[in-house]
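Order of the sequence lines sets the chain letters (A, B, ...), proteins ahead of strands, with each chain counted from 1. The shown structure was predicted, so the numbers you read here are calculated from the model rather than taken from an experiment. We use all heavy atoms of the structure for the numbers below, so side chains are in, but hydrogens, waters and symmetry mates are not.
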Amino acid sequence: MNDVCYFTNELKFLPIETTHTFTLNLFKVISQNTSPHYYFCWMDYLDGLNPSQKEAVLHVTGPSMVIAGAGSGKTRVLTYKIAHLMRKGVDPFNILSLTFTNKAAREMKERVGKIVGEGEARNIWMGTFHSIFARILRTEAAKLHYPSNFTIYDSSDSKSLLKAIMKDVGVDEKTYKVGLVLNRISSAKNNLLTAAAYNNNVNIQAEDRQMAKPKIGEIYKEYERRCFKAAAMDFDDLLFKANVLLKDFPEVLNKYQHRFKYILVDEYQDTNFSQYVIVKKLAALNENVCVVGDDAQSIYAFRGANIQNILNFQKDYPDSKTFKLEQNYRSTKNIVNAANHIIDYNTEQLDKTVWTANEEGAKVKVSRTLTDNEEGNLVANDIIDIKHNNQVQNSAFAILYRTNAQSRAMEEALRKKDVPYRIYGGTSFYQRKEIKDLLAYCRMVINPDDDEAFKRIINYPARGIGKTTLDKIAFLSNAEDKSMWKVISSSQLDSLEINSGAKNKVRHFIEMIQNFHILSKKKNAHQLVEDIAKTSTILTDLFSDKSPEGVARYDNIQELLNGIKEFVEDDVVKAIDIPYGEEAPLIEEGQEKSLAVFLQDIALLTDSDKDDKTDNNKVSLMTIHAAKGLEFPYVFIVGLEENLFPSQMSLSSRPDLEEERRLFYVALTRAEKEVRLSYAASRYRWGNLIYCEPSRFIEEIDDKFLEYTTPQEKKKNSFDNEQTGNFDNQRVNYRSTLKKGMSKVTKKDSKIPEPKIIPPHKKMVSIDASKRPVDPTFAASASKVEIGLRVEHLRFGKGEVTNMEGVEPDRKATIVFDNVGEKQLLLKFAKLRILKI
DNA sequence: GTATTATCTAAGTCT
DNA sequence: TAGATAATAC
């Protein structure tokens, strides 16, 4: 039995029924020669694992690390490990499992539930670092002098606050870019540096002075203060303050050390220092900690993730066991090998060999198009073709890109061809202005000290409280170190030097918010928010706007209301499903569906956490970052151009470039059956047309894994050796930090060429859009196409025009192509070249 | 104090 | 191109 049941793509099973140690499974066996057949069998729940997976699962006591190659069944190991712990008698309350998204947590909980029983699985603490520690912080808030209903500022709140501070401090917004300042503060927090520590740190101060931004420390200090007075924490605070809690309050540390006897961390390669310290502290008592990760998939260095955490792990726990999962169950041989080949260009990596027993599979197709829009058409057509030829669903496809801005061209093409799709990430629903406005009212009801929410709604919809009044309130608020709400709702309002008209308007506003607050005790979240939308006149305001944007905004508000209604009515779906009970005293009986809980849930919702319950059969569009941990039969990686992927900003340092390459590795390894790469020769960026060169990553894949579907651009020697070797002195040498038992670092093979760095003078040229050049070959004007002419189409090849119908601009040509037969093409879209007869 | 228009600048990835 | 901000008129 054991020999047969290792999982391959050909062998799928469904658990039917579970007893204490055995599971009845339904197997579907697919082989090439016979038709699929089914059989039942009882098996021990561990029989579904291969030897190395099993070894990792069976290791129960003491620290362990699992280095898991892409598609090697990492989630499976985590799931079975948790199930195994529970089978061994561990109380689910004592298990803490930290995942990368809440959705991953939910799914894993479900799977554990299938093995050990749902009721039991419910009690596991499972979620993202941010959501788990937000929950713990709410419980322990008083110790940090925060109320338990504190607000979580998202990055736009943080930026708006920083802008206000920078104005007050008197620094120029052009030199001090908000994004940069926020990044500095963020990375300080992720390295557990308070504003005071930041200002006392000689190196940091020197760095800031060198950047000609010596006042960042001062801004940080003020930012810290204003967040506190608004009873708000930003994303990084959730981890930072969790650290403060565990450091300054031994009794709290003790409590959670006893609570979390077993700790599991997924995607360990993407944890930052702050997260690393949290895990280390919590695990210090029992040392039953299991981390799972893959250094080759580390793609979050930009937000402080530190690959050193994996190495530190072995230093901290010299007795820890390391397990390696190297068999890939997801992808074809061709994909696995192509990905391995790419990642070999990186100098920084742990030694492991990912392999697969799966079939050889198709080659990776590479296509070039003239423009970004055409790239969209190409992908859309390919999807239609593959769907047709292989009888697969829309959900089998993913289009992955480096930047969110690239989604536009893809969307347009898919829409034009009626292919249903869903975009993950991007400007998410909750970031839209109208949604943020309405939610700001909600935030004020839950936490009136929330200054960012206050600023947003004090005069929206317009109620005659202008800049002058607001400035005076803000001034007093800062001078007295009180929230703006505290300033106006106290007797201090009388002493404010504003005219009586404005004062009355402010009083009216206070009354309105207070009324909402009273209502919040009586009504459920949906009724309350509906009332807020009406009373605040947001609803009528948007309704009267009949422009397409206005209508869309109104619809969005309705959608939000529907969402809240669903939240209230649905008793199953909860974004953060960790045990309530004594840990969450703020949620009183009957309050599980309150507005407060809704706000808590959405603040930390990842885009992929939101399930589209109505229709899941859609093509997925997302950034590669968002695709982490996911898999799809067919993956399109688009925009493979220098300066886009790899990103222009990564070109000046080797570690950054290597992170881009890991990102490409992640993209490739999402695919089960087929990967298609594409790049455009030109694309619009900032409203300008720019010319692009194919990404170095395409060249880095050996030709034996590739198939070019369009004529390959002639090989350029442009970025030859001139700049290679630049980074050699920056190379991070892991070997010195390695302990025995650790995997060896691959010595870079001398045969493998150095990554080629594009010289600065090869930067993209942008030209005026009005001077956009017309491609000489494929831009025949539609009017010249006539019946009887021989034409050439980029994708379909050569053919003869047999019929014309319709009037401009919807003129259609029927063309019989030599290879693909008859097609009807809209001339305004089809780029045809007329062939000389 | 508010609404409209002109000008600027930005988009790298995410909790 | 589009959203955010500054300048202008009302």
Inset, instruction - On DNA chain B, check which nucleotide each of A/Thr403 and A/His130 is closest to and give me the residue with the more 5' one. - result: A/Thr403
Inset, instruction - Check the angle between the aromatic planes of A/Phe235 and A/His130 and answer parallel, tilted or perpendicular using the 30° and 60° thresholds. - result: perpendicular
Inset, instruction - Establish, with yes or no, whether the OP1 or OP2 oxygen of B/dA11 is under 4.0 angstrom from a side-chain nitrogen or oxygen of A/Asn404. - result: no
Inset, instruction - Quick one: label A/Arg408 by what it contacts on the DNA or RNA (base, sugar-phosphate, nothing), any heavy atom closer than 4.0 Å. - result: nothing
Legend entry - Aromatic ring pairing A/Tyr300/A/Phe302, orientation class (parallel under 30°, perpendicular over 60°, tilted between): tilted
Legend entry - B/dC14 OP1/OP2 closer than 4.0 Å to side-chain N/O of A/Thr623: yes
Legend entry - Ring-on-base stacking B/dT13 with A/Phe302 (under 5.5 Å, under 30°): yes
Legend entry - Any side-chain donor near an acceptor of the partner, A/Asn556 and A/Glu434, under 3.5 Å: yes
Are any protein N/O atoms closer than 3.5 Å to N/O atoms in nucleotides 1-10 of chain B? If there are, list each pair with its distance.
from, atom 1, to, atom 2, distance (Å)
B/dG1, OP1, A/Thr469, OG1, 3.4
B/dG1, OP2, A/Thr468, OG1, 2.3
B/dT2, OP1, A/Gly464, N, 2.8
B/dT2, OP2, A/Asn459, ND2, 3.4

Legend entry - A/Lys436 NZ: over 12 foreign heavy atoms closer than 6.0 Å: yes
Legend entry - Donor-acceptor pair between A/Asn190 and A/Ser274 side chains, under 3.5 angstrom: no
Inset, instruction - For a salt bridge (Lys or Arg N to Asp or Glu O under 4.0 Å) with A/Arg683, tell me which candidate from A/Glu641, A/Glu693, A/Glu374 qualifies. - result: A/Glu641
Inset, instruction - Taking only the side-chain nitrogens and oxygens of A/Asn688, find out if one of them lies under 4.0 Å from OP1 or OP2 of C/dT1. - result: no
Legend entry - B/S/- contact track for nucleotides 2-10 of chain C, protein heavy atom under 4.0 Å: ---S-----
Legend entry - Donor/acceptor link under 3.5 angstrom from A/Glu660 side chain onto base of B/dG12: yes
